[in-house]
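For reference, the structure is listed below as structure tokens.
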2 protein chains.
Amino acid sequence: MKRSKSPGKVAKMADVAALAGVTIMTVSRALHTPSAVSPATLEKVQEAIRETGFVPNYAARSLVSQRSPIVVALFPTMMNSVFSGTIEELSRQFSAQGYSLLLGETSFDIDTEEKLLSGFMGWRPAAIILTGSRHTEVSRKMLENSGVPVVELWNLPRDPFDLAVGLSNHQAAYDMTRSLHEWGYRRISFLNLNYPNNDRSVDRSAGYRQAMTELGLEVTPDMEISVPFGLEHASAAVQQLLKITPKVDAVFCSSDSLAVGVMMGALRAGLSIPGDLAIAGFGNVELAATVVPSLTTVDVPRAQIGRECARIIMERLRGGYRGPPVVDCGYSIVRRESA
Amino acid sequence: MKRSKSPGKVAKMADVAALAGVTIMTVSRALHTPSAVSPATLEKVQEAIRETGFVPNYAARSLVSQRSPIVVALFPTMMNSVFSGTIEELSRQFSAQGYSLLLGETSFDIDTEEKLLSGFMGWRPAAIILTGSRHTEVSRKMLENSGVPVVELWNLPRDPFDLAVGLSNHQAAYDMTRSLHEWGYRRISFLNLNYPNNDRSVDRSAGYRQAMTELGLEVTPDMEISVPFGLEHASAAVQQLLKITPKVDAVFCSSDSLAVGVMMGALRAGLSIPGDLAIAGFGNVELAATVVPSLTTVDVPRAQIGRECARIIMERLRGGYRGPPVVDCGYSIVRRESA
DNA sequence: CTGAAAGCGCTTACAG
DNA sequence: CTGAAAGCGCTTACAG
């Protein structure tokens with residue numbers, strides 16, 4: 001082990017100041033407003049910082065300045081490239097502004113969300129980003145007490161807690177269902193995730209149903225199938241799809257992950273796609289364009305959602321966000337081979 | 001907006017103490033050593049905490065206690081379910097111990113790693129988790145100065161910076177190459193990621209080469225192909241594979257993501273798998289078992305890596321890790337339809 | 001079982 | 001352009 005264990009010798013501002021022959025005030029200024037320090041002094045201080053390897057202590061800084069460079073962001077899962085795209089962008093944007101992202105994974109569960117939130121609250125985050133708009137009462141209380149900007153992602157809530165950035169899941173699902181109809185499919189089934197507090201799922205289901213009703217297409221109870229998150233569940237759902245009578249000719253999946261699972265299950269069952277069964281997804285993840293057959297899906301601007309979210313938070317923190325509380329990033333239908 | 005903007009009214013310990021009619025010392029004790037407080041007082045304090053919605057300020061706590069409940073973890077990408085599995089487990093383990101994970105994404109770049117590290121250092125993390133064992137000089141300096149446990153994941157470095165948890169990528173690639181040979185393949189190509197500082201890639205390539213040499217199989221320069229991260233690049237690599245003469249009968253990919261990309265490119269080119277081209281991956285992500293044809297791959301115990309990492313860090317922090325600095329979590333060859 | 005004092009490492013105002 | 005003082009919200013020792 002080449003490590004020289006050296007506990008306690010982490011440089012603090014006083015060490016830098018001593019080395020540079022100034023007070024800590026000057027070091028602090030050299031860090032924050034270098035223009036307010038004479039060039040010669042600045043040089044000395046910077047040299048001392050280099051030599052000591054000094055990194056300011058954020059705990060001390062945020063305690064006294066009453067501002068925290070932390071933004072909390074909670075997502076249902078990180079195993080999904082739909083969310084990863086947004087996370088990546090959020091991370092990039094906030095890093096550039098000097099903030100760190102404290103990420104949490106709720107597993108689609110609002111009680112887990114509450115637990116994570118109460119743990120993260122101790123950091124007095126500058127802003128809080130959540131997925132969806134269903135939260136426990138305790139969570140709402142904490143968010144309210146915090147007094148910081150709260151952004152709900154991925155949907156357009158009628159009554160946002162504070163701010164929201166996303167798309168109309170209802171409208172997108174409605175459009176995709178109508179598109180499938182336009183492309184000639186009539187017996188359209190809907191495959192969903194079975195998490196009750198997932199407002200995206202609920203809205204997509206409603207959009208699907210509204211379109212089906214308007215189109216005069218029947219939706220029997222067996223046509224709406226719900227499964228847990230995970231490829232194998234989606235793949236297994238093909239057996240349920242095959243039992244529906246009369247036979248369905250298309251399945252619209254609430255996520256690309258579900259759609260790929262179904263596609264693989266269908267291929268394995270010897271079905272031809274889209275001949276025997278058309279498949280549509282939601283999200284337009286990287287795999288959707290690559291898989292064979294390529295996946296028809298709803299493109300969600302995940303990077304843009306992250307960007308807009310970061311933007312309105314920064315504007316709010318600087319005191320002046322005057323835009324609408326709910327930002328619509330839109331979506332688009334992408335037709336490929338699977339439907 | 002139902003939000004009652006209420007800046008500055010976040011409860012602190014003094015508010016709780018006042019409400020409960022005790023001093024902040026007693027509140028602090030009620031939080032940390034409830035058994036040291038009389039039942040009646042404890043009850044009063046807990047009631048006051050509930051009423052005020054008090055959450056302790058971690059900045060203040062960690063400043064005075066000189067310990068931070070933050071663990072920094074840097075990964076090349078979060079878009080990869082191989083890493084997500086480890087991240088999930090790390091997050092679970094550390095949450096249970098009262099630590100928060102500060103996650104960063106290096107994009108396979110050690111300069112980005114350095115930048116993230118210097119930003120996160122200000123939190124005086126309790127431990128630092130990195131992927132791989134190539135780091136810049138500046139990073140090494142910072143890690144050394146920090147004096148905290150550093151764990152390098154995903155490989156078994158001969159000379160770890162401090163601690164390491166992973167598997168032998170060299171050995172695993174060697175085994176897979178020999179397995180492919182055993183299964184009858186002779187012209188085995190290797191598809192890699194083209195990031196120079198990715199020690200996993202380098203080791204896998206070396207393992208492949210060693211096996212090929214031992215088996216007396218030729219490796220011409222065109223048989224080792226490198227592409228950037230991203231499905232489309234892997235898919236496009238099929239064109240290069242087809243140009244190799246004499247024809248290759250198998251391609252061993254340095255990750256499942258690459259393998260799935262190649263598989264899709266091959267299917268699209270009308271090749272039959274494994275008849276025209278056998279494919280093997282590395283990682284055993286969820287998709288590997290589901291995709292058609294299912295993917296032969298190297299199973300990497302990603303959750304176990306996270307668990308072991310958390311375990312040795314916690315033991316070290318409690319003063320007594322006496323195990324080996326490098327923990328081998330092993331791997332296994334999983335044969336499926338693609339080879 | 002409870003409390004008074006000191007102080008963690010910085011930044012914020014205010015002087016000079 | 002530089003510095004002396006106060007204090008952020010807690011925990012750590014030490015008294016009682």
Side-chain angles (χ1 to χ4, degrees), chain A residues 7-46 48-49 52-70 98 121-126 145-146, chain B residues 7-46 48-49 52-70 98 121-126 145-146:
Chain A
K9 80 170 193 95
V10 182
K12 50 179 147 174
M13 209 171 253
D15 300 325
V16 175
L19 194 61
V22 296
T23 61
I24 59 169
M25 258 315 307
T26 302
V27 177
S28 177
R29 256 191 297 261
L31 252 31
H32 294 96
T33 48
S35 62
V37 178
S38 81
T41 309
L42 188 60
E43 178 55 41
K44 272 190 306 181
V45 172
Q46 284 170 339
I49 288 175
T52 54
F54 171 70
V55 177
N57 184 320
Y58 293 166
R61 176 182 281 182
S62 82
L63 183 59
V64 54
S65 71
Q66 300 287 68
R67 307 179 275 111
S68 160
I70 278 191
M121 239 43 193
W123 293 111
R124 302 288 186 267
N145 285 343
S146 77
Chain B
K9 80 171 193 88
V10 182
K12 51 179 144 174
M13 209 171 254
D15 300 325
V16 175
L19 193 61
V22 296
T23 61
I24 59 168
M25 257 317 305
T26 302
V27 177
S28 177
R29 255 191 298 260
L31 252 31
H32 294 94
T33 48
S35 61
V37 177
S38 80
T41 309
L42 188 60
E43 179 53 44
K44 272 190 304 181
V45 172
Q46 285 171 338
I49 288 176
T52 54
F54 171 70
V55 178
N57 185 319
Y58 293 166
R61 177 182 280 184
S62 84
L63 183 59
V64 54
S65 71
Q66 299 287 69
R67 307 180 274 110
S68 161
I70 278 190
M121 239 45 193
W123 294 110
R124 303 289 186 266
N145 284 342
S146 76

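Order of the sequence lines fixes the chain letters, A, B, ..., with proteins taken first and strands second; residue numbering starts at 1 for each chain. The structure presented is a predicted model; accordingly, all values stated were derived computationally and were not measured.
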Check whether any side-chain N or O of [X] sits under 4.0 Å from OP1 or OP2 of [N], and answer yes or no.
X       : N      : result
B/Ser65 : C/dC8  : no
A/Ser28 : C/dT11 : yes
A/Thr23 : D/dG3  : yes
B/Ser62 : D/dC10 : no
B/Gln66 : C/dG9  : yes
B/Ser38 : C/dC1  : no

Any base atoms under 4.0 Å from A/Thr41, or only sugar-phosphate, or nothing? Heavy atoms, all strands.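 Here A/Thr41 touches the backbone only, sparing every base.
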Determine the contact category for B/Ser35: base if any of its heavy atoms lies under 4.0 Å from a base atom, sugar-phosphate if only primed atoms, P, OP1 or OP2 are that close, otherwise nothing. sugar-phosphate
Reported [atom1]-to-[atom2] distance for the pair [X] and [Y], which is rounded to 0.5 angstrom:
X        : Y       : atom1 : atom2 : answer
B/Leu31  : B/Arg61 : CG    : CZ    : 6.0 Å
A/Phe54  : A/Gln46 : CZ    : CD    : 13.0 Å
B/Arg124 : B/Ile70 : CZ    : CD1   : 12.0 Å

Length of the [atom1]-[atom2] vector between [X] and [N], whole Å:
X        : N      : atom1 : atom2 : value
B/Phe54  : D/dG9  : CZ    : P     : 10 Å
B/Met13  : C/dT2  : CE    : P     : 15 Å
A/Met25  : D/dA6  : CE    : P     : 16 Å
A/Leu63  : D/dA6  : CG    : C1'   : 13 Å
A/Ile24  : C/dC8  : CD1   : P     : 11 Å
B/Arg61  : D/dC10 : CZ    : C1'   : 9 Å
B/Arg124 : C/dG9  : CZ    : C1'   : 9 Å
B/Lys12  : D/dC8  : NZ    : C1'   : 8 Å

Checking side-chain contact (heavy atoms from CB on, under 4.5 Å) for the pair A/Met13/A/Asn57: CA distance, chi angles, key distance, verdict? CA-CA 9 Å; A/Met13 209 171 253; A/Asn57 184 320; over 6 Å; no
I want to check something: taking the side chain as every heavy atom from C-beta on, are B/Ser65 and B/Tyr58 in contact at a cut-off of under 4.5 Å?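 When only atoms from C-beta onward are counted, B/Tyr58 and B/Ser65 do not touch, as no gap falls below 4.5 Å.
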Scanning both residues in full, the closest heavy-atom pair of A/Ala60 with B/Leu63 reads CB-CD1, 3.8 Å
Quick check for you: among [options], whose closest atom lies nearest to any side-chain atom of [X]?
X       : options              : result
B/Val64 : C/dC10, C/dG7, D/dT2 : C/dG7
B/Arg29 : C/dG3, D/dT11, D/dG9 : C/dG3
B/Val22 : C/dG3, D/dG9, C/dT11 : C/dG3

Let's test this: given Watson-Crick or G-U wobble pairing with both distances under 3.5 Å, identify the partner of D/dA13.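 Checking every strand shown, D/dA13 finds no partner, since no pair has both distances under 3.5 Å.
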Starting at the 5' end of DNA chain C and moving along, which residue's nearest nucleotide shows up first, B/Pro39 or A/Asn57?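 Mapping each residue to its closest nucleotide by heavy atoms, the 5'-most match is B/Pro39.
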